[in-house]
Amino acid sequence: MLFRSIISPDAQRQILIARLADFGKTLTDLRTQRFTREMRLAVLKQQAESGSDDLIPSVQSSDITGRDKYISKLKSDLLDMNLNKDRLLQQYKPDYEEVVNLEGQITATKQMIAREIGQVIDSEQLMIQSLLSEEKMVQDAIQKTNEEIKDFARKEYQFSQYSRGIDDNRDVYSMLLKQMEEARISLAKIKKGINIKVINPAELKPEAVKPKRKLILLIGLFLGLIAAVTTAVALEYYSPTIG
């Protein structure tokens, strides 16, 4: 089970790079959504301040889209009310009962539209804050992945250095083994090719080799005899002169 969980350095590098690419794509999507909503929020605030009846720009959100439809319906109803009021004012005075009722409905509808737009603005602000939080999380994940890639590159470099040293030691070891095998073969050939035969075996003599006393004695006598003869000849040769 342990060996199955081990992956090669190349596969691990590809996993980190793919993870970083996924985080980058996610961050881009989040930023795009946030920029779109910020633009929409700016338009909504402008409409709320000016009381404009322009359509609200939509975004990809089921909740906001439902509110958009409701606000659009309210604005359509408001437009019809204003048209009816204008038509009645052509025939009746402003204090006419139906005109007064339409004025009340128009005011209530405008308040409802303002209230709905305010809720949409609040929702957009919350959504933007949520997107910012998600962006922060993805940015932290990207930074962590970059650190993992740097740490992996450093470890991979160290591993390559260790591997190179192991390869060098393996080559030296192989060379030494080869030389040792060659030396063993050469020694075996030498031992096999040399035949040693004893011709004169060593003998142990009973007497001591040194000193040779008899020889020394004879030499001493011989030298003493020569010295005596030399002395006698010298005396004989020099004796008349002395006399």
Side-chain angles (χ1 to χ4, degrees), residues 13-152:
R13 187 190 310 108
Q14 293 300 323
I15 290 173
L16 290 174
I17 293 175
R19 185 194 304 170
L20 185 63
D22 291 340
F23 285 146
K25 183 178 181 300
T26 301
L27 182 61
T28 300
D29 293 341
L30 290 172
R31 285 176 173 173
T32 301
Q33 294 180 36
R34 178 170 61 83
F35 293 156
T36 303
R37 291 186 177 276
E38 286 176 345
M39 293 175 62
R40 169 185 166 88
L41 180 61
V43 174
L44 288 172
K45 287 182 176 180
Q46 184 179 3
Q47 290 183 0
E49 293 173 358
S50 62
S52 174
D53 293 334
D54 295 337
L55 294 177
I56 297 176
S58 61
V59 294
Q60 298 297 326
S61 174
S62 58
D63 179 64
I64 299 300
T65 302
R67 289 185 178 277
D68 289 348
K69 291 181 179 180
Y70 181 59
I71 293 174
S72 297
K73 183 179 181 305
L74 290 176
K75 288 187 175 183
S76 177
D77 294 341
L78 181 63
L79 179 61
D80 292 339
M81 293 176 192
N82 284 321
L83 290 175
N84 289 332
K85 187 186 76 168
D86 293 339
R87 181 176 57 80
L88 290 173
L89 286 175
Q90 292 177 1
Q91 299 178 5
Y92 304 99
K93 293 180 179 181
D95 57 352
Y96 181 66
E97 182 179 359
E98 191 172 350
V99 174
V100 173
N101 291 335
L102 281 175
E103 283 287 355
Q105 293 177 9
I106 289 172
T107 301
T109 302
K110 286 183 177 180
Q111 291 176 352
M112 292 174 63
I113 291 174
R115 184 169 59 251
E116 289 296 324
I117 290 178
Q119 291 179 358
V120 172
I121 289 175
D122 292 340
S123 298
E124 286 297 315
Q125 289 176 336
L126 290 175
M127 184 60 67
I128 290 172
Q129 290 299 321
S130 176
L131 290 172
L132 285 171
S133 298
E134 290 185 36
E135 286 182 38
K136 180 64 169 56
M137 292 175 61
V138 174
Q139 287 174 343
D140 292 340
I142 289 175
Q143 182 178 359
K144 182 179 179 181
T145 304
N146 282 325
E147 292 175 356
E148 290 181 6
I149 291 175
K150 292 179 181 178
D151 183 65
F152 177 78

*Is there a side-chain contact between E103 and V100, using heavy atoms and a 4.5 Å cut-off?*
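They are not in contact (no side-chain heavy atoms under 4.5 Å apart), so the answer is no.
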Distance from [X] atom [atom1] to [Y] atom [atom2], nearest 0.5 Å?
X	Y	atom1	atom2	value
E148	L20	CD	CG	10.0 Å
E98	N84	CD	CG	8.0 Å
D22	I142	CG	CD1	10.5 Å
L44	I71	CG	CD1	7.5 Å
L78	K85	CG	NZ	9.5 Å
M81	D77	CE	CG	5.5 Å

Quick one: closest heavy-atom pair of [X] and [Y], and the distance?
X	Y	result
E38	I128	CG-CD1, 3.7 Å
V138	F23	CG1-O, 3.4 Å
L41	Q125	CD2-CG, 3.7 Å
K93	V99	O-CG2, 4.0 Å
E134	L30	OE1-CD2, 3.2 Å

*Check the pair R37 / R34 against side chain to side chain contact (heavy atoms under 4.5 Å, CB included), numbers first and verdict last.*
CA-CA 5 Å; R37 291 186 177 276; R34 178 170 61 83; 5.9 Å; no
*Between the side chain of S76 and the main-chain N/O of S72, is any donor-acceptor distance below 3.5 Å?*
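No, the answer is negative, given that no donor and acceptor are paired below the 3.5 Å cut-off.
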*Side-chain donor/acceptor of S130 to backbone N/O of L126, under 3.5 Å*: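 Here the side-chain-to-backbone pair does not exist.
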*Carefully, step by step, assess I121 and E124 under the rule side chain to side chain contact (heavy atoms under 4.5 Å, CB included).*
CA-CA 5 Å; I121 289 175; E124 286 297 315; 5.7 Å; no
_Taking the basic N atoms (NZ, or NE/NH1/NH2) and the acidic carboxylate oxygens, is any pair closer than 4.0 Å for K136 and D140?_
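Salt bridge present between K136 and D140.
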_Greater than 12 external heavy atoms within 6.0 Å of E97's CD_ =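 Incorrect, the count does not exceed 12.
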